[in-house]
Amino acid sequence: MTALVIWSIFPGAVAFILYSLRRWAQAVYWTAVIAALLLAWLAWQFPIGEPIPIRLWTVLPALRIQATQLLFGGRFTLDNSMRPALVLIYASIAFWLGGSGAARTHRLFAPLGLGIAALFTAALASETLPSSAFLFALAAFISVPLVSAPGEPTRRGALRFLSYLVSGVCLIIFADGLITALPSGSGADPTTGIPASILILALGFSLTLAVVPFHTWAPMLAEESNPYAAAFVFFLLPLGISFLALEVLIRYSLPGLAPAMFVVVRYAGVLMTLAGGVGAAFERHLGRILGFAAIAQIGMMLLALSLNDQLGRATPLIGVYFAQMAPQGLGLALWGLALRILGYYEPDLDFRSLQGVAYRLPVASAVLLLANLSLAGLPLLASFPINVALWSALIQKSQSAVLLSLVGNLGLFAAALRTLAVMLQSSEPNRWRISEDRIQITLLVAGVVMLTLAGIFPQAYLPTMANLGIIFAGPTP
Amino acid sequence: MLIELLSISAAALLTISGVLILMAEDWRASIGLLAAQYVGAFTLTALEWPLGMAITRLVAGWIAGAVLGMAMLSLPEASSIQNDIESAPPPPTAQPRRYHLSPGDAPHPIFLVLSAALVGLAVISQVPSLTNWIPGLKPVHAWGGLILVGLGLLKMGFHSQPLHVILGLLLFFSGFELLYAALSVAPLAAALSAAVTLTISLTGAYLLLAPHMEANE
């Protein structure tokens, strides 16, 4: 049995079966959560390519999970260095699916979420960049029904998201084809000396990662669709594409790729953090604020990627990029869930309609603010320790990048303060009352506890996450 | 000689069908033209790739068109109006609405022709440098690929209705496939690009039908 069968084909098949059985929403929901948890546990426990003794009966031969699978002439390899990524993907999927019930997402969320994870895994396993990019594109197409729910009109955000993504993926694949086919340095721009293929590659990643000025779909998507589903897309798709970028920068070390690329990645990150923060600070719609916050988080992710400025090899600083994912995922999930609960009771998420909402929905309002503040990097909350680690490492490379990204985070902080002011503003005297149901309250409170614990005791998980990143980005055995 | 004639005809077919898809408001005509466009793309690809692999492009493209056509036929309003129109002649003053993809927001045809001409000029200027740059890329392939990419971008940019955007994406992706065919002949990439074509059309079908589905579906 190969690793691809276990972590990609099997969840893909389960996703397809669950899609067929979507009428039984509860059963589908629980099966998807359990399947994702099981796959994360398998990745955590079982080494790939080594004999695994089955202790039930001594006569049974040791099981061995093969690392490589051949498919249509292409090689798909999931070795031990990929296990951290597998744990991360399936644990994240289980976490997001777990919250989808309370977020009242539609019935397709669980099967499609599992299908996206299966495709992401196949993309990571593929040994060629074009195949990986095609598989990421397929995962993105599958995510469209999440943000454009049945029974609702098709909105421009979803169409724009689709257009940018297809264009970006095509450019990445085309650039890879050019880099492979052409001698190094051919087709270079005479003024800059940068090969055009590298410029095309950069443009492709900019389109897929919503780098400014290709970021407009993110706020639109968050405004028009279920915020929880939008937050899921904002977390998972950039994560997948950034894995691809990491592979390009570190694993493949493509010819023609100059160390200056890391500076470009850094300033793209700064631009996104700044645009996201400033956009959030001046926005008046809570959904769009979430979209801008997601842009800022992608910027922080790019900043963390740019720390590893050694072409073709990973440095320990890559751990920062990996460690960032847990607090970001937690913050976005809680923000999306709280916003969805607010939106369920108050369909219009514009500031004018939400005046005094904290009195009616205190738990959701408080959690939304805490998630916002956490992503802004407020001390004692989840993102603070990793943001400090990022800024400490970054200041040795570029002080201006740190300063500008701090300004971006200040924008997110300002957005939280404005939201708080609106939520408490009321012309009439109000009495506090809890309108959320028990499941919603339980999930929201559990999320806040995690957010706080992650901020107060970062030593409990950050070293592990950083080590996972170093193992993932290290040389393939 | 025959191959040259074939490739020039295929490039001409791609250009004409692409421009007509850009201008067409009738969804049936658009899907018919899409099928013709995939014939042109298949012909050009078959000159670079083994026939067995090239034919996946044609089959995937035609299935994509069929999926979109079935989705359009499944639209509740379209189906009901269609029955009325088939039993009675259309009013002389206006075209029946079911034949139109967009509710009157399409740019003027002259503007579209001028935009397509501009794309054509840009492509003409870029074909020599692209063929110099990519070894093995023939001018006809470069023309076909770039014109489809350009027209696809125009189609996506001018419209916000799902079918238009999906047709634009299919044009764009088809152009990309033509250019990429000169760079790589990998069976896995061919299979995955066919899968992407089909998934674009399935996503388009979903986006067309989703507003008419039940919320709990």
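On a predicted model such as this, the values are computed, not experimentally measured, just so you know. Worth knowing before you read on, the calculation uses all heavy atoms, side chains too, and leaves out hydrogens, waters and symmetry mates. Every chain is numbered from 1 and lettered A, B, ... according to where its sequence line falls, protein lines coming before strand lines.
Chain B forms more heavy-atom pairs under 4.5 Å with one residue of A:Arg160, A:Glu152, A:Arg155 than with any other, namely A:Glu152. Of the residues considered (A:Phe72, A:Phe174, A:Phe134), A:Phe134 shows the highest number of contacts with chain B, using heavy-atom pairs under 4.5 Å. Ranking B:Thr203, B:Val149, B:Leu208 against chain A, the residue ahead of the rest is B:Thr203, based on heavy-atom pairs under 4.5 Å.
Both the backbone and the side chain of B:Ser193 come within contact range of chain A, each with at least one heavy atom under 4.5 Å from a heavy atom of that chain. Neither the backbone nor the side chain of B:Ala186 comes within less than 4.5 Å of any heavy atom of chain A. For B:Ser184, no part lies under 4.5 angstrom from a heavy atom of chain A. Of the atoms belonging to B:Val165, it is side-chain heavy atoms, and not backbone ones, that fall under 4.5 Å from chain A.
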Show your reasoning for whether side-chain contact (heavy atoms from CB on, under 4.5 Å) applies to A:Ile173 and B:Phe176. CA-CA 9 Å; A:Ile173 295 168; B:Phe176 154 75; 3.6 Å; yes
Audit row: B:Ile166, A:Leu162, side-chain contact (heavy atoms from CB on, under 4.5 Å) steps and yes/no: CA-CA 9 Å; B:Ile166 294 300; A:Leu162 201 59; 3.8 Å; yes
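In A:Arg104, the CZ atom is crowded: over 12 heavy atoms of neighbouring residues, nucleotides or ligands sit closer than 6.0 Å. Residue B:Ile3 qualifies as open at atom CD1: its count of foreign heavy atoms under 6.0 Å is 12 or below. The number of heavy-atom neighbours closer than 6.0 Å to CZ of A:Phe214, taken from other residues, nucleotides and ligands shown, is above 12.
Within the model, atoms OH of B:Tyr180 and CG of A:Leu178 stand 9.5 Å from one another, a figure rounded to the nearest 0.5 Å. Here the straight-line distance linking atom OG of A:Ser131 with atom CG of B:Leu192 works out to 5.5 Å at 0.5 Å rounding. Of the inter-residue distances, the one linking B:Met213 atom CE with A:His106 atom NE2 reads 10.0 Å to the nearest 0.5 angstrom. One finds the OG atom of A:Ser163 at 9.5 Å from the CG atom of B:Leu153 (value rounded to the nearest 0.5 Å).
Taking each heavy atom of A:Leu71 and B:Leu188 in turn, the nearest pair found is O-CD1, 3.8 Å. What you find for B:Phe173 and A:Cys170 is that their closest heavy atoms are CD1-SG, 3.5 Å. Scanning both residues, A:Ala149 and B:Ala210, for their nearest heavy atoms gives O-CB, 4.2 Å.
Here the side chains of A:Phe141 and B:Leu198 are not in contact, with every heavy-atom distance at 4.5 Å or above.
Between the side chain of A:Thr154 and the main chain of B:Pro162, no donor-acceptor pair closer than 3.5 Å is present. Of the possible donor and acceptor atoms, one in the side chain of B:Tyr206 sits under 3.5 Å from a partner among the backbone N and O of A:Ser148.
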